[in-house]
Structures are given as structure tokens and as C-alpha cells.
Asks: 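My structure is below; once you've seen it, I'll send some questions.
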Amino acid sequence: MEFNIDDLPVLFPYPRIYPEQYAYMVDLKKTLDAGGHCVLEMPSGTGKTVTLLSLIVAYQQYYPEHRKLIYCSRTMSEIEKALVELKALMKFRAQRLGHEEEFRGLGLTSRKNLCLHPSVKREKSGSVVDARCRSLTAGFVKEKKEKGEDVDICVYHDNLDVLEPHNLVPNGVWTLDGLLRYGEQHKQCPYFTARRMMQFCNVIIYSYHYLLDPKISERVSKDLSKDCIVVFDEAHNIDNVCIESLSTDITEDSLRKATRGAQHLETKISEMQASDQKKLQDEYEKLVEGLRGADESRQEDAFMANPALPDDLLKEAIPGNIRRAEHFVAFLRRFIEYLKTRMKVRQVISETPPSFLAHLKEYTFIEKKPLRFCAERLTSLVRTLELTNIEDYQPLQEVATFATLVATYEKGFLLILEPYESDTAEVPNPVLHFTCLDAAIAIKPVFDRFSSVVITSGTISPLEMYPKMLGFNTVVQESYSMTLARRSFLPMIVTRGSDQASISTSFQVRNEPSVVRNYGNLLTEFARITPDGMVVFFPSYLYMESIISMWQGMGILDEVWKYKLILVETPDAQETSLALETYRTACCNGRGAVLLCVARGKVSEGIDFDHQYGRTVLCIGVPFQYTESRILKARLEFLRETYRIRENDFLSFDAMRHAAQCLGRVLRGKDDYGLMVLADRRFQKKRVQLPKWINQALLDTDTNLSTDMAVSSARRFLKSMAQPFRAKDQEGVSVWSMEDLRTHQAKMADDQIKELQAQRDLEMGNTLAAQANDARRLAERPDSDYEMDDDDEAEMMALDAN
Amino acid sequence: MAPGTASGAALPLTTDDMCPVCKTIRYLNKDMEFLINPECYHSMCSNCVNRLFNDGPNQCPYAGCNRTLRRKGFRSAFFGDLIVEREVDIRRRVAAVFNQAEDDFETLRDYNNYLQMVEDLTFDLVSGTEGKRHAAEAQLQQWEAEHKADIERNRKAGREADEQARRRLTAEREAARQRRIEAIKEAEDEKLERARSREAELDTLAQAPEGQRVQLKRRGQTSRAGGAAVSAVETAVNTAVATADVGRLSIRGLKEKRKAPMPEGPYDPFGGSDFVPSRYKISEGLAHPQIEKYRFDQQHITGGYSFDGYTARAMFEAFAGLGVFIEDEKEVGIGMSTGQVATIGAGIATVGDRMELD
């Protein structure tokens with residue numbers, strides 16, 4: 001369908017539109033016009049992606065600036081899905097407009113997914129693929145080849161150089177699969193095609209990390225212009241992504257490997273000094289001059305980029321004491337040795353970067369400044385030495401990254417040394433966590449650089465938390481409810497078992513037999529009445545294991561077994577995917593299955609249980625984080641001190657966003673239906689923190705149920721859902737055709753006019769009243785001119801002032 | 001380090017579990033501790049040290065190492081890798097002498113070159129050949145002799161900076177602790193408050209006359225009066241930090257460039273004011289018959305006095321005072337000390353110096 005928002009013609013690739021989609025578009029356009037950031041929450045399963053894309057593409061094509069869209073999503077499958085949507089949208093546009101637009105849309109993912117090289121693509125691990133690819137495509141390899149040396153190169157990569165650099169692929173939308181196929185046909189590397197074409201396309205779809213992780217964004221996303229529209233989809237976890245991108249863990253093993261890497265470097269340097277002194281000398285001279293060719297530091301085959309953010313990129317020359325290659329390697333060795341010594345301590349240490357640096361300086365005479373240049377110097381050295389087996393230097397690179405970060409940031413980071421894995425462990429296994437506490441650090445350059453950043457997700461409540469944590473201001477901040485023709489999902493809070501004993505997974509009572517039995521009964525009851533699939537979420541793997549074994553002892557699992565197949569998620573990805581496969585088969589055949597999984601696990605995010613795959617989602621306990629973790633404690637303290645977010649507020653916010661994610665898994669569209677059961681006493685108070693669309697559907701009567709009451713109302717709900725439901729029933733209520741939309745627009749316009757009129761009337765009324773007042777005064781004047789005393793006059797003046 | 005102390009032979013790495021001298025293993029002696037002597041960096045367990053060196057200086061028990069060691073020199077190593085341990089010891093010595101900071105240099109380039117010079121020297125000391133080591137040692141001593149005052153000054157400055165940094169760190173930690181306590185207290189207060197209001201509600205319910213409806217405040221409406229307390233704490237903390245910061249030098253960055261002094265001109269007693277009249281012009285050879293006769297009259301002529309000076313002076317006196325207004329000066333002068341008046345007068349004078357001269 002085709003309609004206008006203000007002056008902007010929007011082409012929407014479906015014949016009908018949901019009211020919330022329209023509202024979403026209107027708000028989005030408002031944000032883009034105003035040029036600012038926004039946070040939008042739209043219920044899952046209401047076509048968020050297509051809404052976003054169709055509005056932004058329309059915006060792009062209509063206005064002369066042609067602002068580029070950068071669409072960031074979380075997983076590869078989501079990226080692919082968005083690309084397919086975009087492709088369909090562009091096809092629809094071409095049909096409607098009668099011509100193909102000048103348009104190019106590309107997706108980017110890791111080398112591992114896009115490689116075509118016959119041997120490299122068979123590697124399992126992503127980092128190995130990266131390293132091998134670099135060793136085949138680096139600039140010096142090509143030079144060597146030209147000189148006639150016998151070195152391996154990648155044909156797919158080299159073929160790119162033959163093509164026009166701004167026209168590596170024809171216009172159109174390229175899904176990842178499509179790009180692979182095109183690359184195979186034309187013998188060109190899909191990965192580098194996408195990387196190099198990024199500047200020349202209208203829509204880029206890639207993972208968060210390409211924008212948020214300063215190690216990557218420096219290389220990949222540097223050339224994107226300022227007026228790009230940046231969208232973070234599924235952004236409810238964006239703060240964690242930010243934090244992870246700047247945190248590193250160092251173990252004894254990685255230090256050992258780093259030492260070996262440093263030794264390798266040393267031998268390489270001495271070899272090169274013997275054979276090819278000139279190259280080292282060249283590098284040295286360049287460093288003396290403080291030259292750092294912009295092109296060079298951002299070469300696409302570079303070993304690693306500076307982990308500090310673009311703003312902090314140092315414009316200075318490399319300090320003199322690490323200019324020489326051998327000096328630098330000795331420097332690294334000293335630093336690694338120091339870290340090793342620190343790791344020998346057998347008590348937990350947490351310290352700030354300044355105190356770490358002070359200690360470091362006292363014992364090793366390493367100053368802050370050369371430390372800050374570590375990452376950059378290492379990159380330069382690796383390039384000069386023309387190293388090909390880069391994967392050997394990965395641990396060394398980690399150490400250098402750590403060095404740069406610790407010397408760059410004084411605030412917002414913490415070093416925590418944990419000598420034992422758990423409190424009860426006997427054998428030390430020290431880990432040095434360098435944790436970022438401030439999510440705003442990583443995302444700040446994005447907000448600073450791009451004028452419009454859209455943060456959106458199905459569950460991103462409470463909305464005001466995100467601007468606070470990430471340090472930005474919003475133009476629009478909106479949560480949409482779900483319009484439904486019938487009540488198609490039933491959220492319930494179960495606080496008591498059938499025996500009226502309250503149920504909770506709080507630490508004190510979680511292992512009490514009565515609580516476990518009550519949870520077991522709840523599971524059995526719902527397994528009995530739920531048709532097809534049922535998903536159960538636990539707060540942690542640990543608790544899931546213990547409760548399952550207790551259920552086994554109580555004979556509860558046998559009872560559940562009568563109704564459904566039982567499948568369990570494990571931390572192992574392959575086992576889990578097998579379990580999922582089986583679950584889906586079971587849901588399609590016969591009685592269905594119960595999937596027991598964890599609220600922070602892989603299943604809870606990104607896997608949809610639409611229609612028969614999920615009719616009930618049962619959330620056992622509030623999925624709080626493990627609060628004894630020192631990293632979490634440090635972060636909580638930081639949040640309190642810096643952003644004035646209290647510990648409990650944050651913990652409960654975090655738990656509820658995960659709970660909401662779990663609940664959202666089951667409802668993936670308007671013709672879907674499902675039960676959402678929150679089984680914990682503590683949910684009662686946290687109800688307001690649920691997303692608006694869930695909270696609205698949660699009736700007051702359903703917030704404090706016992707198991708038997710919940711079961712009876714669930715029965716009633718399922719019975720009503722079993723009634724035939726025609727698509728026509730939704731028309732005009734939860735789905736708008738063109739006419740409905742026009743009526744709505746007319747109504748909106750009317751409302752606006754009325755509002756304006758009312759405003760004008762108000763103003764008019766004021767002026768009229770004032771005029772009347774004047775007139776009265778004038779009329780009164782002749783006879784009362786002299787009698788008027790001061791009080792009256794003052795009153796008059798007050799009136800006039802009004 | 002005295003020249004030639006460290007033996008050129010590769011230093012052995014310590015195995016952490018066996019003493020290379022007495023071959024005791026950790027299994028037999030759980031709290032075995034390894035000590036080294038910075039003379040030769042050969043490690044041995046503390047028992048061996050006691051056994052060998054209790055009766056005064058003795059030779060190092062390592063084969064081929066005939067250095068004489070004293071018990072006093074033994075200490076435990078900070079680093080596991082003794083090569084690094086030795087390097088750091090050397091660095092300690094070098095850093096004590098070469099302790100210039102970035103603000104001692106005018107350009108970054110100079111500073112970097114200095115850093116590299118130091119690093120080269122250290123490298124020679126650590127792993128150079130015999131000859132290089134001697135040269136480096138000599139250079140070190142020479143530098144020490146030449147820059148004695150600088151070194152002392154920088155050492156002092158460095159110590160002060162360290163002291164300040166430490167003070168700041170402790171102040172910050174203290175502030176954080178304060179805030180933490182405050183936050184806990186706040187949470188407790190809130191809990192207490194909630195309990196109290198609940199109690200009060202129950203009381204109102206209990207005491208209300210029968211059959212009368214009681215309007216209760218809804219939960220969450222009790223206003224939070226924590227804001228004021230929080231800000232008070234914050235200011236306290238801030239002042240604490242600020243006091244810790246007092247006297248903190250910001251000595252980062254390069255030294256300011258010394259500017260070459262401007263070439264000095266000839267001394268000008270009038271401070272740049274010229275005495276060319278602006279309202280009139282004295283033309284050359286101005287003559288008046290009445291005074292012309294005195295030009296060559298011996299009685300009127302004195303040494304060092306030009307006859308034209310008379311006309312110039314006559315003109316000056318005629319025009320003097322034009323453009324100066326007594327009222328203005330009077331006005332300015334009311335209620336001021338003489339000093340102030342003088343400065344203001346000077347100001348006026350500079351503004352209107354041309355007029356005055358006229």
C-alpha cells in the first residue's frame with residue numbers, strides 16, 4: 001500500500017498495515033526530521049523491521065540528502081532476515097514506481113561466513129579464518145607475488161583489484177547468500193566486496209560490533225558520513241554489548257602464550273636485522289617523524305586496530321623508548337612478566353587503573369605513555385615484519401590491547417584479579433578481569449558522530465533507563481501497545497501454589513521442598529492443559545539442574561512425561577540445537593513437548609516459538625543476575641555513583657528485561673496466541689517494569705493467582721482461543737486497510753485542526769476578554785476617572801498584564 | 001652495577017619446585033623460599049643461604065660462578081623471570097639518573113630522542129657486549145656528574161608528584177567509602193520509613209471510628225525526601241576531594257618555549273611620546289621683527305639655548321591647556337586617595353597627551 005506521512009510518500013510492501021506500525025513510522029519520521037536520537041519499543045511480532053526499513057528507505061529516496069542507513073542487528077540470522085525484507089521492499093517499490101531505483105543494500109558479516117577460498121573456508125574457528133585470510137590478502141603478500149616470489153595468494157581477493165573500485169557489485173539488494181553466489185560466479189571475494197562497497201551503498205546491515213567495538217569500528221566504519229541514520233535493532237542488551245566490547249580477561253595461559261609470541265617476535269626481529277635491515281630502519285624513521293599514514297593505520301588487512309576510541313586516538317608520535325623494535329619487545333616482555341607476578345597473588349584484588357599504573361611504574365619503570373601506544377606499536381611492528389601466521393600473536397595482541405586501555409581510561413574501568421574460580425576451589429586458576437563499567441564509553445562516539453540514532457526493540461522497558469545508562473538525550477521516547485481484535489495472549493502472575501504457600505526462587509527458599517513441589521505441580525498442570533509446545537525458563541543453569549533432580553526424586557517428571565516430551569537446554573550449543581530440533585519435531589507431531597531452558601541462555605534470545613511451537617511460556621522465578629559476582633558488584637557501585645541508579649533498581653530492571661524477552665518468545669504475530677505465566681511472588685511488585693504492551697494485557701485480577709486459579713483461567717482462555725477466528729475479524733481494529741488508514745489520517749488531521757482551533761479560541765478568548773475589559777474601563781472612565789483609587793488601578797494593571 | 005658484575009653467561013631460569021643448590025624439592029619443604037643476590041642473580045633456597053653465608057661472605061655455590069656474596073645482599077625476586085629482575089634493577093639505577101620529565105623539553109621530538117637515548121643506554125647495560133657496557137657505564141656517570149642539580153630537582157618534583165597522586169587516591173577512596181556508607185544508610189532509612197508509614201496506616205485504620213471510610217495514601221505517594229541529604233553528602237565529598245587537590249600541579253605537557261628577547265633599542269626617556277605639536281606647525285625661519293634683533297644680541301644669548309626655542313616655547317604656551325577640562329578632572333578626583341587620582345590623571349594624560357603637549 002501507498003500512503004503519505006506529512007509530505008513523505010511511503011510505500012509499504014503489504015496490502016494492510018497495523019496501527020502501531022503506522023504510529024511507529026510517524027514517530028520515526030519525527031525523529032529523523034528533528035535530527036536526534038530516539039528509543040522506541042514496539043511489541044514483538046508486529047513487523048518492526050519492515051516498518052523501519054520502508055519508512056527509512058522512503059525517507060532516503062524522497063529527500064535530496066539521501067541519508068545512508070546503517071542497520072545494526074544482533075545475530076547473523078537476524079541480519080539475513082532484514083536483508084530479505086529489504087529485498088522484498090525494494091522489489092515492491094520497483095513494481096509500484098515502474099523503475100528500478102539507484103539503490104544498493106549490503107550486509108556484512110565475518111570472514112568465516114563470507115569466505116570462498118577453498119581451503120580457508122573449511123576452517124572451523126572464526127579467528128583462524130581471519131588470520132589465514134590476512135596472510136593471503138595482506139598488502140606485502142601481493143608485492144612479493146609481483147616480485148616473482150612464490151607465495152600463496154587468494155584469487156578471489158586479487159580479482160577485486162581488476163574491477164572498478166566503486167562498482168564492485170551492481171545495484172540492488174544483496175543478501176548474504178546472494179552475495180556469496182555472485183562472488184562464486186564472478187570469482188570475487190564477497191567479504192572484501194562488502195567492505196569496500198560500504199561507502200557506496202544506501203543501506204548497510206551488519207552486527208552491532210562493527211559500530212560499537214572500537215577495535216573493529218575504527219577499521220570498518222570509519223568512512224561513514226555524519227548524517228547516516230543508525231538503527232540498533234533488538235537493542236535491549238546494548239549496554240552489555242558495549243561493556244563486553246571494552247573488557248578483556250587475562251589468564252595465566254594467555255600470558256604464557258603472549259610470552260611465546262614475544263619470543264617469536266624477538267627472533268623475527270633479529271632475523272630481519274640480519275637480512276633486511278632497511279625495512280626496520282624505514283619503520284623507525286617513520287616513527288621518529290611521527291608519521292602515521294592515515295591510509296596505513298586503517299588498512300583493511302591490518303592486524304589489529306587501536307582499541308581506544310577514535311576521539312582518544314593519539315595524534316602524537318610514538319614515544320622514543322619504544323621506537324626501536326627490540327626496545328618494544330623488551331618492553332612487552334617486562335609488562336607480561338609483571339602481569340605474571342601479579343597473578344601469583346592468592347587473594348582477590350580490585351583496583352582502579354591509576355593505582356595499577358602507579359604500582360606498575362614502581363616495579364617495572366613502565367610509564368603510562370608508552371603503554372598507551374602499545375597496541376599501535378604492535379600493529380606497526382607486525383606489519384613491518386610481514387608476519388603471516390598471525391594467529392600465534394593473538395594473545396600478545398590481547399595483552400597490548402589491555403595495556404592501551406588501562407593507560408587510556410582512568411574512570412569507568414576496574415581491574416579485578418580473581419585467583420580462584422569459585423570460593424571453594426583449591427587449585428588456583430587466576431583470571432585478571434579488566435572490566436568496563438560504563439556502557440556509555442563505547443557508544444559515546446556513535447552518538448557524537450551520527451545525528452540520528454534509533455534504538456529499538458520489542459522489550460526495552462523502562463525506556464528512561466537506557467538514555468540514563470548510555471548517556472544521551474532523546475527526541476522521541478515511545479512505547480506502543482498492541483492492538484488486538486481478541487485477547488490473544490494471557491499474562492498471569494502466579495504467586496502461590498495450590499496449597500496457598502507462596503512460591504519464589506529467592507535464595508533462602510529456593511530449595512525448600514514445598515517450593516520445589518509447588519513449581520513442579522505448576523509445570524504438571526500447565527503441561528496437561530497446554531496444546532503443543534511449552535517453554536519453561538529458569539533463572540540459571542545451576543538452579544535448573546538442582547530443581548530437575550529434585551523433581552526427578554519427587555516423581556514430578558514422570559507425571560509430566562505422561563503429557564509431553566521433556567527436553568533440556570545445556571550450555572553446549574550443539575546439544576541445544578539438537579534439543580531444539582527435536583522439540584520442533586515433537587510440536588509438529590502429536591502431544592508436543594516441554595523445553596526447559598535458562599532465561600539468559602541462547603534459547604531466551606533470538607529463537608522464536610511461534611504458533612504451535614510455543615503455546616505457554618512459564619517463567620519460573622525472577623531471572624536476577626548472579627549478584628555475588630565481583631564484576632557485577634563493581635558495576636552496580638559505578639552505576640550508583642555515576643548515574644545515581646540504585647543497585648536494586650538496576651538489578652530488577654535487568655531481571656525484568658530478561659523476563660520480558662522470555663515472554664516475548666511465544667507471541668510472534670497477531671494471529672498467534674499463547675499463555676505467559678510468571679511464577680514468583682516477587683513479580684507482583686515488578687509488574688510496572690514489564691513492557692507496556694504486556695502490562696496492558698495483564699488484568700489486575702490475574703496478578704496474584706494460585707496454581708489452581710491460574711489453571712482454570714488458562715483453560716477458559718484456551719477454550720476461547722479455540723473458537724474460529726477469521727482474518728476479517730481483525731479488519732479495522734488491529735489491521736488497517738487503505739480506507740481505515742485514510743479515516744485514521746483524516747481523524748488525526750481533524751484532531752489536530754480542532755486542537756489548533758481550540759488553542760486559537762483560547763487565545764482569541766483571551767484577547768476578546770482583554771478587549772472587553774478595555775472597553776469597560778473606557779466606558780467607566782468619564783464618571784469614575786477621579787474616584788478611582790490606587791487599589792482599583794493596581795487591579796486594572798494586573799488585568800492588563802494578563 | 002659495577003662494571004662487569006653480571007656474568008655474560010645466560011642466567012638460569014628458576015624452576016619453582018627445586019633448589020638448584022641442595023636439590024630439596026617443594027614436596028619436602030612446603031614453604032621453601034627462593035632468594036637471589038643481585039651480584040649474580042643465582043637463586044637458591046633460604047636454607048642454603050643461611051647455611052652458606054651465615055658465617056660471613058662466601059663464594060656463590062654455582063659452578064663456574066666465583067663471585068663472593070654476602071648474606072645481606074640476598075632478597076626474594078619480584079619477577080619469576082630473573083632476566084627481567086636484573087633488567088629492572090638496572091633500570092632502577094638508570095631511572096635515578098635519567099629522571100627528566102616531558103616538561104623539561106621544548107619539543108616532543110627532543111623528548112622522544114632523549115627517551116630513546118636512555119633506552120639505548122639501558123639496553124647496552126642490560127645486554128650489550130663488554131665494551132658497550134663500559135661505554136654506557138661511563139656515559140651514565142658522565143651524565144650524572146653534568147646534571148647533578150637537574151637530577152636532584154627532578155627527583156624532588158617526582159617525589160612530590162607521587163605524594164600528591166597518593167594523597168589524591170586515598171582521598172578518592174575515602175570519598176567512595178563515604179558515599180557507599182551513605183547509600184546503605186539511605187536504603188535503610190527508606191525501609192524504615194516504609195515500615196513506619198505502614199504502621200501509621202494500620203493505626204489510622206484501627207483508630208478510625210467504625211463505619212467511617214478512611215482514605216489511605218496510596219503506596220508510592222509518600223514523597224522521597226532523600227534528595228537534600230544526597231546533595232549535602234555530595235558537596236562534602238567534593239570539598240574533600242578539592243582539598244586533596246589543593247596544590248596539585250599540572251605538570252603534564254611540554255615546557256613552554258623560551259622566546260628569544262627582542263633586540264633593545266636606544267633608551268627613550270619620554271617613553272615613546274613625541275613632541276611634535278599637532279595643532280600648529282612651526283615653519284622654518286619664522287621671524288618677527290620685534291625679536292629678530294635679539295638673535296645676535298650677546299646679552300640675550302646663552303650657551304645651549306637655541307634662539308628658535310623661544311618661538312617654539314611661546315607657541316607651546318599659547319596652545320597649552322586647550323582640550324583639558326578642569327571640571328572633568330575635578331569630578332574624577334572626588335573622594336579618592338591621592339594615589340588613585342594620580343593614576344587616573346596619568347590615564348587621562350596618556351589619553352590626551354597630544355592635547356597637553358599642544
Side-chain angles (χ1 to χ4, degrees), chain A residues 252 255 259 284 287-290 315-324 326-331 333-344 351-352 354-355 357-359 361-370 373 410-411 633 636-638 640-642 644 646-649 685 688, chain B residues 16 77-85 87-96 98-99 101-102 105 107-120 122-123 126-127 158 162 165-166 168-170 172-173 175-176 179-180 182-184 186-187 190 219-220 226-227 230 234 237 252:
Chain A
E252 266 185 341
L255 281 180
T259 317
Y284 169 75
L287 295 179
V288 170
E289 294 298 329
K315 300 280 179 277
E316 285 183 31
I318 300 267
N321 45 1
I322 54 170
R323 271 197 308 221
R324 279 198 186 287
E326 59 270 25
H327 291 177
F328 177 62
V329 174
F331 176 89
R333 284 182 69 157
R334 218 165 348 128
F335 185 61
I336 294 170
E337 247 353 274
Y338 172 79
L339 289 180
K340 275 186 184 165
T341 309
R342 286 304 295 272
M343 296 279 248
K344 282 190 192 140
E351 61 180 348
T352 54
S355 99
L357 289 176
H359 192 264
K361 195 182 162 212
E362 200 180 328
Y363 282 93
T364 58
F365 299 93
I366 289 178
E367 298 266 354
K368 184 173 165 185
K369 205 167 155 196
F373 285 89
E410 287 196 354
K411 290 246 157 64
K633 275 184 179 164
L636 287 176
E637 179 151 357
F638 178 84
R640 195 193 63 228
E641 298 223 323
T642 319
R644 301 230 145 265
R646 284 184 302 175
E647 274 103 336
N648 286 336
D649 289 354
K685 275 185 195 158
V688 284
Chain B
D16 208 29
F78 180 79
F79 293 99
D81 187 348
L82 290 178
I83 301 175
V84 175
E85 179 82 25
E87 185 186 336
V88 167
D89 281 344
I90 293 171
R91 271 175 200 282
R92 185 167 294 125
R93 268 184 65 224
V94 175
F98 289 93
N99 59 359
E102 192 171 343
F105 297 88
T107 66
L108 194 65
R109 183 113 183 223
D110 287 346
Y111 178 55
N112 281 334
N113 287 341
Y114 164 79
L115 283 179
Q116 199 196 335
M117 188 265 284
V118 175
E119 194 67 25
D120 278 334
T122 316
F123 238 69
V126 173
S127 56
D162 282 354
R166 199 167 317 125
R168 205 167 71 237
L169 224 66
T170 32
E172 262 165 29
R173 214 169 294 151
R179 277 192 300 251
R180 205 172 309 141
E182 207 56 41
I184 292 168
E186 196 184 314
E190 200 171 300
R219 207 185 283 164
V230 168
E234 204 151 277
V237 165
R252 294 276 70 88

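Below, chains carry the letters A, B, ... as their sequence lines are ordered, and counting in each starts from 1. The model shown is predicted, which means the values in this text are computed figures rather than measured ones.
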Asks: Check B/N112 against A/P319 and note the closest heavy-atom contact, atom names and distance.
Replies: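 The answer is OD1-CA, 3.3 Å.
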Asks: What residues form a ring pair (Phe, Tyr, Trp, His ring centres under 6.0 Å) with A/Y284, not counting sequence neighbours?
Replies: none
Asks: Assess whether a salt bridge exists between A/E337 and A/K340, defined as any Lys/Arg side-chain N lying under 4.0 Å from an Asp/Glu carboxylate O.
Replies: yes
Asks: For salt bridge (Lys or Arg N to Asp or Glu O under 4.0 Å), just list the numbers for A/K411 and A/E641, CA-CA rounded to whole Å, side-chain angles, deciding distance to a tenth of an Å, and then say yes or no.
Replies: CA-CA 12 Å; A/K411 290 246 157 64; A/E641 298 223 323; over 6 Å; no
Asks: Under 4.5 Å heavy-atom distance to chain A, tell me which part of B/E87 shows up: side chain, backbone, both or neither.
Replies: side chain
Asks: Is A/Y338 in contact with chain B via its backbone, its side chain, both, or neither, using a 4.5 Å heavy-atom distance?
Replies: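 For A/Y338, backbone and side chain are both near chain B.
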Asks: What residue in B/R109, B/R166, B/M117, B/R173 has the most heavy-atom pairs under 4.5 Å with chain A?
Replies: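 Of the candidates given, the most pairs with chain A belong to B/R109.
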Asks: Do A/E367 and B/E102 touch side chain to side chain, with heavy atoms closer than 4.5 Å?
Replies: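 Not in contact.
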Asks: For chain A, which of B/L169, B/V126, B/D120 has the most heavy-atom pairs under 4.5 Å?
Replies: B/D120
Asks: Sort out for me which of B/T122, B/L115, B/V88 touches chain A most, counting heavy-atom pairs under 4.5 Å.
Replies: B/L115
Asks: Is B/A165 in contact with chain A via its backbone, its side chain, both, or neither, using a 4.5 Å heavy-atom distance?
Replies: neither
Asks: Applying ring pair (Phe, Tyr, Trp, His ring centres under 6.0 Å), name anything that partners B/F79, two or more places apart in sequence or on another chain.
Replies: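 Checked B/F79 against ring pair (Phe, Tyr, Trp, His ring centres under 6.0 Å); zero matches.
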Asks: Side chain, backbone, both or neither: which part of A/Y363 has a non-hydrogen atom closer than 4.5 Å to chain B?
Replies: both
Asks: Give the member of A/R342, A/R324, A/E647, A/R333 that has the highest number of heavy-atom pairs under 4.5 Å with chain B.
Replies: A/R324
Asks: Would a distance-only check, ignoring hydrogens and angles, find a side-chain to backbone donor-acceptor pair under 3.5 Å from A/R323 to A/L287?
Replies: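 No, A/R323 side chain to A/L287 backbone: no donor-acceptor pair under 3.5 Å.
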Asks: Less than 4.5 Å to any heavy atom of chain A: does that hold for the side chain of B/F123, its backbone, both, or neither?
Replies: side chain
